[in-house]
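Working notes, structure below.
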Amino acid sequence: MASFSRSLCSSLVLFIIFLSFSEARDHLIGGKSDAWKVPSSESDSLNHWAEKTRFQVGDSLMWKFDGSKDSVLQVAKRDYVTCNTSSPIETYTDGNTKVKLERSGPYYFISGAEGHCEKGQKVIVVVMSEKHSRFIGVSPAPSPAEVEGPAVAPTSMLQT
Ligand SMILES: *[C@@H]1O[C@H](CO)[C@@H](O)[C@H](O)[C@H]1NC(C)=O
């Protein structure tokens with residue numbers, strides 16, 4: 001009986017660890033509340049921060065800024081590169097912005113304040129596919145369908 005409750009307890013601990021890995025997270029852009037501004041240097045850039053951060057489907061991005069002076073524009077790649085603010089996909093001006101990452105792949109954001117994007121106030125967020133993030137996190141036991149499915153090379157998936 002004692003060993004039964006001990007194993008129950010350890011599976012509960014494993015389950016909680018798994019939850020903490022798979023839980024959707026909120027990412028404050030730049031990691032601090034005043035980060036949505038023209039960066040002071042290359043090493044201070046938002047892309048520098050974004051490259052070190054792991055974004056998963058279901059996570060959210062959060063921005064804090066003065067909505068009377070700035071905005072967040074979600075744009076297409078071409079408009080990100082050229083800092084074209086004329087046709088954003090989405091415009092956020094409330095200064096307390098939250099964007100849920102619903103799909104994997106790149107998201108492009110630029111500042112709507114005049115001249116700011118050209119000075120580097122822009123960020124690319126690349127969201128990993130669900131499959132990929134499962135391999136990095138604590139993975140649950142594979143389902144029978146996955147075991148019987150076509151052979152995959154796990155090492156190549158871990159490297160990317
Ligand atoms: C910005 O994008 C709009 C719409 O796509 C386009 O009409 C315009 O020519 C672009 N401006 C520049 C400077 O590229």
Side-chain angles (χ1 to χ4, degrees), residues 17-140 142-143 145-146 149-160:
I17 290 171
F18 172 69
L19 275 187
S20 69
F21 271 90
S22 59
E23 190 182 31
R25 286 179 300 167
D26 290 345
H27 302 278
L28 184 60
I29 284 290
K32 50 186 196 284
S33 57
D34 66 340
W36 190 238
K37 61 184 179 192
V38 173
S40 59
S41 67
E42 181 61 34
S43 62
D44 183 43
S45 78
L46 292 164
N47 281 333
H48 195 80
W49 165 81
E51 279 159 20
K52 293 184 299 187
T53 310
R54 195 155 65 90
F55 303 99
Q56 289 177 260
V57 173
D59 288 359
S60 295
L61 302 176
M62 285 178 23
W63 281 261
K64 305 264 187 218
F65 56 91
D66 182 346
S68 68
K69 298 202 182 88
D70 208 340
S71 60
V72 176
L73 309 181
Q74 188 187 337
V75 296
K77 183 179 183 181
R78 186 190 55 223
D79 291 342
Y80 172 89
V81 173
T82 59
C83 285
N84 188 338
T85 56
S86 66
S87 53
I89 299 163
E90 293 283 353
T91 302
Y92 303 98
T93 56
D94 64 1
N96 199 7
T97 299
K98 187 165 176 172
V99 175
K100 187 155 189 215
L101 303 167
E102 310 267 12
R103 52 153 178 89
S104 59
Y107 283 72
Y108 302 91
F109 299 97
I110 63 176
S111 167
E114 186 154 8
H116 282 205
C117 173
E118 288 83 348
K119 292 180 194 143
Q121 190 181 340
K122 43 158 64 176
V123 65
I124 305 174
V125 165
V126 181
V127 181
M128 282 184 293
S129 70
E130 284 167 273
K131 188 153 205 153
H132 190 156
S133 49
R134 225 177 11 241
F135 270 94
I136 289 175
V138 174
S139 32
S143 72
E146 277 169 356
V152 290
T155 47
S156 68
M157 301 192 82
L158 284 170
Q159 275 162 4
T160 48

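The model shown is predicted, which means the values in this text are computed figures rather than measured ones. Order of appearance sets the numbers: ligands from 1, and atoms from 1 within every ligand. Computed from heavy atoms alone, side chains included, the values below leave out hydrogens, waters and symmetry copies.
Under 3.5 Å, the side chains of S45 and N47 contain no donor-acceptor pair of N or O atoms.
Around atom CZ of R103, more than 12 heavy atoms belonging to other residues, nucleotides or ligands sit under 6.0 Å away.
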Problem set entry | side-chain contact (heavy atoms from CB on, under 4.5 Å) between W36 and T97, worked out | CA-CA 11 Å; W36 190 238; T97 299; over 6 Å; no
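Distance from atom 4 (C) of ligand 1 to its nearest protein heavy atom, with residue and atom name: S87 OG, 3.5 Å. Of the protein's non-hydrogen atoms, S86 OG, 3.3 Å is the one closest to atom 3 (C) of ligand 1. If you check which protein heavy atom lies closest to atom 11 (N) of ligand 1, you get N84 ND2, 2.8 Å.
Inclusion of T82 in the set of residues having an N or O under 3.5 Å from an N or O of ligand 1 is not warranted.
Checked against Y108 for a side-chain contact (heavy atoms from CB on, under 4.5 Å), the options V81, I124, V125 give a single hit: I124.
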